[in-house]
A.B. asks: 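Next up is a structure, given as structure tokens.
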Amino acid sequence: MNLIIDQGNSVCKVAVADGGELIAHYSFPQVSLREAGVILSDHPALQAAIYSSVAAVDKMLLSLLAERIPTVLQVDEHIAVPVSVAYDRKRLGSDRIAAVVGAHALAPEGVSLLVIDLGTAITYEQISPKGEYTGGNISPGLYTRLKALNHFTSRLPLIHEITPPVRDFGQTTSEAITSGVLRGVIYEIKGYIDEAKAADPNVKVYVTGGDAPLIEQYLPEEVCVEPDLVLYGLNKILEYNR
């Protein structure tokens, strides 16, 4: 059994994997040593762990894992991955490469992939039919855009929660911001999907990330929304290195 820890900018996702199946999920702003200790006690059969963080590395947590689990890996630019990478690994976020690996593992062989991750930032990753990660783009996420509108203007309020608009155009400032930001992200994502389809009609599109549920209903039916894509990828990386 494997322990998977994915520390993002806003949320830390933790999962336990048995083979290729995720059998337990946990979520924290940042996993504490006490919380990690409870998870380790609840799953005494853990034999390996993988730790990924886009924030500061929690060295005390890594030390605790090393004391309790035989094999502990940290995702960095040196870790081996089951895809070729045409990107500066020193500048490539561990969550991004994990999403790529997760999609590559789940997708049929020999198809090109577009992987979209909606979090604090929105990332777009491209994988060739040969399994080569050819590069990606980064764009502001939904709530990053809301914060920017509030921060860089004098009178626009900070919207804390997005709900699908009932009208295409808002009739209050709050509605206008919510609808404008949400529709802007939807049009941006659809633009990437249309471009990928124009290049390869058989492209497989995977969408993941904490904000994916907000836009799922607006996506084409053939798009695969997989909330645990990064966790699947991290587990795949762990097994690949073992």
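Basis for what follows: all heavy atoms, side chains included, without hydrogens, waters or symmetry-related copies.
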A.B. asks: Taking only residues at least two apart or on different chains, which pairs with a member in residues 49-78 satisfy salt bridge (Lys or Arg N to Asp or Glu O under 4.0 Å)?
C.D. replies: none
A.B. asks: So, for Val101 and Pro82, which heavy atoms are closest and what is the spacing to 0.1 Å?
C.D. replies: CG1-CG, 3.8 Å
A.B. asks: Counting C-beta onward and ignoring hydrogens, is there a side-chain heavy-atom pair between Asn2 and Val16 closer than 4.5 Å?
C.D. replies: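 The answer is no; the side chains never approach within 4.5 Å.
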A.B. asks: Which heavy atom of Ala212 sits nearest to which heavy atom of Val207, and what is that distance?
C.D. replies: CB-CG1, 4.0 Å
A.B. asks: Parallel, tilted or perpendicular: which one describes the rings of Tyr87 and Tyr133, with boundaries at 30° and 60°?
C.D. replies: parallel
A.B. asks: Between Ser53 (side chain only) and Val57 (backbone N and O only), is there a donor and an acceptor less than 3.5 Å apart?
C.D. replies: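 Between the backbone of Val57 and the side chain of Ser53 there is no qualifying donor-acceptor contact (under 3.5 Å).
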A.B. asks: Please identify each residue that fulfils salt bridge (Lys or Arg N to Asp or Glu O under 4.0 Å) with Arg167, with sequence neighbours left out.
C.D. replies: Glu175
A.B. asks: Measure across Pro227 and Thr208 and return the closest heavy-atom pair with its distance rounded to 0.1 Å.
C.D. replies: O-OG1, 3.3 Å
A.B. asks: Any side-chain heavy atom of Tyr124 within less than 4.5 Å of one from Ile189?
C.D. replies: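 Tyr124 reaches Ile189 side chain to side chain.
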A.B. asks: Taking C-beta and beyond as the side chain, do Ile159 and Ser174 meet within less than 4.5 Å on heavy atoms?
C.D. replies: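 Result yes, sub-4.5 Å side-chain heavy-atom pair found.
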A.B. asks: I'd like to check Leu22 versus Leu231 (side-chain heavy atoms, cut-off strictly below 4.5 Å). Are they in contact?
C.D. replies: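 Heavy-atom side-chain distance check passes, below 4.5 Å.
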A.B. asks: Answer with yes or no whether the side chains of Gln126 and Thr134 bring together a donor and an acceptor at under 3.5 Å.
C.D. replies: yes
A.B. asks: State the CG-CD1 distance between Leu234 and Ile5, to the nearest 0.5 angstrom.
C.D. replies: 10.0 Å
A.B. asks: List the steps and the verdict of salt bridge (charged side-chain N to carboxylate O under 4.0 Å, His left out) for Lys236 and Glu239.
C.D. replies: CA-CA 5 Å; Lys236 190 72 175 180; Glu239 290 297 322; over 6 Å; no
A.B. asks: If you apply the rule side chain to side chain donor-acceptor pair (under 3.5 Å), what do you find for Asp117 with Thr123, and how did you get there?
C.D. replies: CA-CA 5 Å; Asp117 191 343; Thr123 58; 4.6 Å; no
A.B. asks: Say whether, by atom type as modelled, one donor and one acceptor occur between the side chain of Thr144 and the main chain of Pro140 under 3.5 angstrom.
C.D. replies: no
A.B. asks: Any donor and acceptor pair, going by atom type alone, linking the side chain of Ser112 with main-chain N or O of Pro129 inside 3.5 Å?
C.D. replies: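 No; zero donor-acceptor contacts below 3.5 Å.
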A.B. asks: Could you verify whether a donor N or O on one side chain and an acceptor N or O on the other, from Glu125 and Tyr206, lie under 3.5 Å apart?
C.D. replies: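 There is no such pair (donor and acceptor under 3.5 Å, judged by atom type) between the side chains of Glu125 and Tyr206.
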A.B. asks: A side-chain contact here means heavy atoms from C-beta on lying under 4.5 Å apart; do Ser139 and Glu188 qualify?
C.D. replies: yes
A.B. asks: Counting only N and O atoms by type, is there a donor-acceptor contact under 3.5 Å from the side chain of Glu21 to the main-chain atoms of Ile23?
C.D. replies: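 Not at all, since once roles are kept as given, no pair shorter than 3.5 Å links the two residues.
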A.B. asks: What are the two closest non-hydrogen atoms of Pro157 and Thr173, and how far apart are they?
C.D. replies: CD-CG2, 3.8 Å
A.B. asks: Taking the side chain as C-beta and beyond, is there a heavy-atom pair between Tyr232 and Asn235 under 4.5 Å?
C.D. replies: no
A.B. asks: Could you report the tightest heavy-atom contact between Pro213 and Gly210, atom names first, then the distance?
C.D. replies: CD-O, 3.4 Å
A.B. asks: Does Glu161 have any salt bridge (Lys or Arg N to Asp or Glu O under 4.0 Å) partners at least two apart in sequence or in another chain, and if so, which?
C.D. replies: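 Here no residue qualifies.
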